[in-house]
Amino acid sequence: MTTAVYPGSFDPVTLGHLDLVERACRIFDRVVVAVSNNSSKKHTFSVAERIAMLENAVRAIPQAEVDTFSGLLVDYLKHQKATTVIRGLRAVSDLDYEFQMASMNRRLYPKVETVFLMPDEQYTYLSSSMVKEVARMGAPLDGIVAPFVARKLRLKFKTPVSR
Ligand code: PNS
């Protein structure tokens with residue numbers, strides 16, 4: 001049984017994240033989508049809200065499960081008996097940060113391998129922060145987040161859809 005952990009803030013989950021979960025599930029038997037509960041980082045949605053949106057989003061993917069972790073990712077990997085981390089690479093600009101993170105994780109836990117997956121090219125430009133920016137301005141969110149996530153964003157920012 002191969003297990004991979006896909007960690008992130010998921011604030012909120014986008015269709016780009018879901019594309020990655022689906023790809024990871026084609027490679028690994030079990031994919032744990034792990035929502036970071038890092039109190040030093042300012043998030044728009046609470047951990048409970050981020051988990052609820054993710055659980056709804058991966059409901060149809062049997063190998064995927066959602067969990068949360070705090071502290072070091074490598075400690076969480078040991079807890080899950082996993083040595084593989086999934087991360088998305090959208091563009092070269094992601095590489096610097098991802099390289100640092102993967103190298104630090106490997107230093108802390110030499111057994112760790114980070115597997116980088118590319119999302120479908122329609123999601124290359126997508127990020128949770130950009131989604132929140134357009135949601136705040138009331139722009140349509142079709143094709144970038146799931147409909148229930150779009151509803152949560154509208155409620156959070158109190159923005160009606162402008163078309
Ligand atoms: O979606 P994000 O915000 O890019 O995810 C970053 C995340 C949560 C994967 C990263 O910050 C993380 O692993 N945090 C846990 C703390 C940790 O292990 N730090 C050392 C390695 S960078």
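We count ligands from 1, going down the list as the structure has it; atoms in each ligand are counted the same way.
Among protein heavy atoms, the minimum distance from atom 9 (C) of ligand 1 is reached at R87 NH1, 3.5 Å. Given atom 20 (C) of ligand 1, the protein heavy atom at minimum distance is L72 CD2, 3.9 Å. At the shortest separation from atom 11 (O) of ligand 1 among protein heavy atoms lies Y97 OH, 4.1 Å. Among protein heavy atoms, the minimum distance from atom 2 (P) of ligand 1 is reached at S9 OG, 3.6 Å. From the protein, the heavy atom lying nearest to atom 13 (O) of ligand 1 is L73 CB, 3.7 Å. Remark: minimum distance from atom 22 (S) of ligand 1 to any protein heavy atom is reached at M101 CG, 3.2 Å.
Ion pairing between E65 and R30 holds under the 4.0 Å rule for side-chain N and carboxylate O.
Contact annotation: the side chain of V131 approaches that of L153 to within less than 4.5 Å [non-hydrogen atoms, C-beta and beyond].
The atoms of ligand 1 that sit less than 4.0 Å from any heavy atom of K41 are 3 (O). Close approach of ligand 1 to F69 is summarised as follows: ligand atoms under 4.0 Å from at least one heavy atom of the residue are 15 (C).
Geometric assessment of K132 against the ring of F157 yields a negative cation-pi assignment under the 6.0 Å and 45° thresholds.
Using the six-membered ring where Trp is involved, F10 and Y6 have ring planes that are perpendicular, over 60° apart on the 30 and 60° scheme.
For the residue pair D75/Y109, the side-chain donor-acceptor check at 3.5 Å is not satisfied. No hydrogens or angles considered: nothing links the side chains of S36 and N38 as a donor-acceptor pair under 3.5 Å. For T114 and R87, the side-chain atoms include no donor-acceptor pair closer than 3.5 Å.
Taking distance alone, with nitrogen or oxygen atoms compared against 3.5 Å, N105 stays at or beyond that limit from ligand 1.
Comparing heavy-atom distances from atom 15 (C) of ligand 1 across G71, P7, S36 singles out G71 as nearest.
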